[in-house]
Amino acid sequence: MSAPTQPPVAKKRPIRTRTTRVSARPALAISTLKPHHVDLRPDFVSLVCPDCERWAAVTGAQGSAPKLVPHHAARAGAPGQHRCPGANRLVLLDLTIAQWTERTTEANTDAGARRTTKVLLKPKMQPAPPVSRMVPAQLNAASARQVYTAHRNRCSACTGRAHCTDGERLGAIVVWLTRQEPRRRQVEELLEKRAAEAERRRIRQLPRKRAAEWAAVVPQVRRTDTQREQRPAGDAPTDGPSVQVQRVRSPR
């Protein structure tokens, strides 16, 4: 009794082969392939076979007739597979290693530029008020002295004894504000004191204001209550529930 035949199994792809067979298909130029489908490193030249779309070694890369090694159309060990039609196909190495490296770098750069970046939400900015409503910042001696010191550090003409036009103007402003500082503090304390007195007066007058507002609406409330207590003219309805005519007070 004869042994059962085993189905064909895909073999491991060799790196080099000594076969003299050459495919009748036209030579495959590596310039027509994508840069990341080719590997031109001197120690191991390989490419992605266009037929089976799997990596295959190129034998005889240093010779006159480089070609793809014989390989199957699937991974090694896969049952029921046959030889790839691209096996033993001649390869035209029409790119140098420098040209291939340049094309690979450009492809990687383009791929990196196509990657989506993280979306940063911009904070919502409030619109600036019109110029007619802008309140200028209050200038005091300390802030004016800071501006004057910053100008002196930048200006080469401003020394301890001489000043430029801007430095002289800023120095005069600092001197004037320094003289006005005691008066400014007195005015601020007076304004704060008056604001506190106005707040206390408003709090004291609040109960009387509320009582006056209630007194102004009391006549209208009484008139409304009187109109609700009056019975409409005519006979009472015979159908339906009786109408409540007495005031209902909620228990306290």
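Computed over heavy atoms, backbone and side chain alike; hydrogens, waters and symmetry mates excluded. Quick note: residue numbers are just sequence positions, from 1.
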Q) Heavy-atom count around E197 CD within 6.0 Å, excluding the residue itself: above 12? A)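 Counting neighbours around CD of E197, more than 12 heavy atoms of other residues, nucleotides or ligands fall under 6.0 Å, so yes.
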Q) Taking everything shown except Q99 itself, do over 12 heavy atoms lie less than 6.0 Å from its CD? A)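 Correct, the count exceeds 12.
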Q.
Strictly by side chain to side chain donor-acceptor pair (under 3.5 Å), give each pair with a member in residues 209-222 just once, sequence neighbours left out.
A. none
Q: Return the set of residues passing salt bridge (charged side-chain N to carboxylate O under 4.0 Å, His left out) with R183 (not counting sequence neighbours), or none when no residue passes.
A: none
Do [Y] and [X] meet the salt-bridge criterion of a basic N to acidic O distance under 4.0 Å?
X    : Y    : value
E181 : R185 : yes
E189 : K193 : no
R25  : D51  : yes

With rounding to the nearest 0.5 angstrom, report the [atom1] to [atom2] distance, [X] to [Y].
X    : Y    : atom1 : atom2 : result
H37  : T32  : NE2   : OG1   : 12.0 Å
R103 : H36  : CZ    : NE2   : 11.0 Å
L33  : L28  : CG    : CG    : 5.0 Å
C158 : H163 : SG    : NE2   : 5.5 Å

Q: Determine whether V45 and L90 fall in the same hydrophobic cluster, where Ile, Leu, Val, Met, Phe, Trp and Tyr are linked whenever their side-chain heavy atoms lie under 4.5 Å apart.
A: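 Shared cluster, no.
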Q. Is there any salt bridge (charged side-chain N to carboxylate O under 4.0 Å, His left out) pair reaching into residues 86-101, and which pairs are they, with sequence neighbours excluded?
A.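 Non-adjacent pairs meeting salt bridge (charged side-chain N to carboxylate O under 4.0 Å, His left out): zero.
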Q) Of all heavy-atom pairs between Y148 and L170, which one has the smallest distance, and what is that distance? A)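 Y148 and L170 have their closest heavy atoms at CD1-CB, 3.9 Å.
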Q: Indicate the atoms forming the closest heavy-atom contact of C49 with G86, along with that distance.
A: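 Nearest pair, atom of C49 first, then G86: SG-CA, 4.2 Å.
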Q: Would you please test W55 and D39 for side-chain contact (heavy atoms from CB on, under 4.5 Å) and show each step?
A: CA-CA 10 Å; W55 285 94; D39 188 356; 4.1 Å; yes
